[in-house]
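Nothing here was measured: the structure is a model prediction, and the numbers come from that model. Residue numbers start from 1 in every chain, and the chains themselves are labelled A, B, ... in the order their sequence lines are given, proteins ahead of strands.
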Amino acid sequence: MSKLISLICGIIFGIGLVVSEMINPSKVLGFLNFFGDWDPSLAFVMLGALIISSPFFHLFKNNKKPIFTESFSYSNNKEINKNLIIGSSLFGAGWGLIGLCPGPAIASLALFNINSAVFVIAMFVGFYLVKLSDLRTQAR
Amino acid sequence: MNIINFTPTSAFLGGLIIGLSVIIFFILNGRMIGISGIASNFLNKKKNRIDNFLFLLGLILGPLICKFYTKQQINISISSSLILLILAGLLVGIGTRISGGCTSGHGISGIGRFSLRSIIATITFMIVGILTVFIKDII
């Protein structure tokens with residue numbers, strides 16, 4: 001059942017990206033163009049998502065188990081360190097260059113856009129490079 | 001600063017839909033949605049690989065379903081510079097893995113449960129994103 005839920009949640013998320021137009025990188029770049037012609041829409045997307053999700057996180061986080069899996073599993077990392085700032089900065093720079101972050105990038109593959117495909121492949125290479133360097137650190 | 005192209009209603013509605021997905025995934029499957037986490041775990045980890053694959057498949061099916069039912073084209077405009085696309089993709093892939101999240105993981109799931117770590121991450125990537133656009137416009 002959890003597999004069906006995963007598929008459905010992906011579909012709903014993808015529909016949300018289309019309705020909010022966040023699937024369109026130029027819309028995201030409008031938000032990041034704070035010092036020029038600014039489009040505040042992305043802030044309203046986050047507001048909408050937070051208004052509905054945040055109360056439920058707090059209502060359900062003390063439940064013993066989710067409905068279709070054995071236990072809650074998510075990162076409870078509270079560490080604020082160098083990696084958090086460096087990683088977020090690298091991500092922010094990549095985000096600002098094209099206007100794509102992981103969700104919209106993958107969702108836009110539906111439009112058979114060669115440019116977003118190039119971006120997604122490079123992004124997966126990035127995921128893999130970090131995994132390789134993590135393995136190397138652990139081996140030391 | 002001039003405000004242009006602002007679409008608060010569709011943005012808020014789309015945000016509610018995204019929030020709905022996040023909360024269903026949490027209550028039913030016990031997991032927080034972060035697209036960079038789901039995508040990189042699909043690539044790098046055996047655990048939940050099928051779940052992660054199906055989520056990503058859904059993410060691609062979502063826009064197709066929209067297109068089918070609304071009979072409208074989804075227009076996107078995206079840079080076609082090969083070098084920029086590859087550089088940006090690498091930065092996003094590497095950066096989100098080092099910081100442990102992206103716009104959804106830190107920006108929605110993390111902030112939603114009031115994680116200071118995620119609030120700091122979100123402020124950082126937004127500031128750097130805004131500066132990048134600013135500098136790009138000058139160059």
For [X], is it the side chain, the backbone, both or neither that has a heavy atom under 4.5 Å from a heavy atom of chain B?
X        : value
A:Lys65  : neither
A:Val45  : both
A:Leu42  : side chain
A:Ile106 : both

Taking every heavy-atom pair that is under 4.5 Å apart, which of [options] has the most such pairs with chain A?
options                             : result
B:Ala11, B:Gly107, B:Ala121         : B:Ala11
B:Leu82, B:Thr7, B:Ile38            : B:Thr7
B:Ser21, B:Gly62, B:Gly105          : B:Ser21
B:Gly100, B:Ser79, B:Gly37          : B:Ser79
B:Thr70, B:Leu131, B:Leu84, B:Leu57 : B:Leu84

Under a 4.5 Å heavy-atom cutoff, which of [options] has the most pairs with chain B?
options                              : value
A:Leu17, A:Val18, A:Ile98            : A:Ile98
A:Leu111, A:Leu29, A:Val125          : A:Leu111
A:Asn81, A:Asn76, A:Leu129, A:Ile23  : A:Ile23
A:Leu32, A:Leu50, A:Ile51, A:Ile67   : A:Leu32
A:Cys101, A:Ser133, A:Ser71, A:Ser20 : A:Ser20
A:Glu21, A:Glu70, A:Glu79            : A:Glu79

Non-hydrogen atoms of chain A under 4.5 Å away: do they reach the side chain of [X], the backbone, both or neither?
X        : result
B:Thr122 : side chain
B:Asn52  : neither
B:Ile65  : side chain
B:Ile33  : side chain
B:Cys66  : side chain
B:Ser80  : both

### Summary
Only residue of A:Asp39, A:Asn33, A:Asp37 satisfying side chain to side chain donor-acceptor pair (under 3.5 Å) with B:Asn2 is A:Asp37

Exam field: side chain [X] to backbone [Y], donor-acceptor pair closer than 3.5 Å:
X        : Y       : result
B:Thr96  : B:Ser36 : no
B:Ser104 : B:Ile35 : yes
A:Lys3   : B:Ile50 : no

### Message
Please verify the inter-ring angle class for A:Trp95 with B:Phe125; under 30° counts as parallel, over 60° as perpendicular, anything in between as tilted.
### Response
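If you compare the ring of A:Trp95 with that of B:Phe125, the planes turn out perpendicular.
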
### Query
What is the ring orientation for B:Phe26 with A:Phe72, classed by angle as parallel under 30°, tilted 30 to 60°, or perpendicular over 60°?
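The arrangement is tilted - the two ring planes meet at 30° to 60°.
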
### Task
Taking atom types as modelled, find out whether B:Thr124 and A:Ser89 have a side-chain donor-acceptor pair closer than 3.5 angstrom.
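Not at all, the side chains of B:Thr124 and A:Ser89 share no donor-acceptor pair under 3.5 Å.
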
### Task
For the residue pair B:Arg31 and A:Ser73, confirm or rule out a side-chain donor-acceptor distance under 3.5 Å.
no

Please list, one pair per line, the donor and acceptor atoms closer than 3.5 Å that link side chains of residues 4-13 of chain A to other protein atoms, with sequence neighbours excluded.
residue	atom	partner	partner atom	Å
A:Ser6	OG	A:Ser2	O	2.9
A:Ser6	OG	B:Asn29	ND2	3.3
A:Ser6	OG	B:Asp51	OD2	3.0

#### Entry: Test item: A:Phe91 and A:Pro102 side chains (from C-beta on) under 4.5 Å apart, heavy atoms
yes

Please report, to 0.1 Å, the donor-acceptor pairs under 3.5 Å made by any side chain of residues 113-120 of chain A, with sequence neighbours excluded.
residue	atom	partner	partner atom	Å
A:Asn113	OD1	A:Asn115	N	2.8
A:Asn113	OD1	A:Ser116	N	3.3
A:Ser116	OG	A:Ser108	OG	3.2
A:Ser116	OG	A:Asn113	O	3.1

### Query
Counting heavy atoms not belonging to A:Phe56, are there more than 12 under 6.0 Å from its CZ?
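At most 12 heavy atoms, drawn from other residues, nucleotides or ligands, come within 6.0 Å of this atom.
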
### Query
Are B:Lys45 and B:Phe42 in a cation-pi setup, meaning NZ or CZ lies under 6.0 angstrom from the ring centre and within 45 degrees of the ring axis?
no

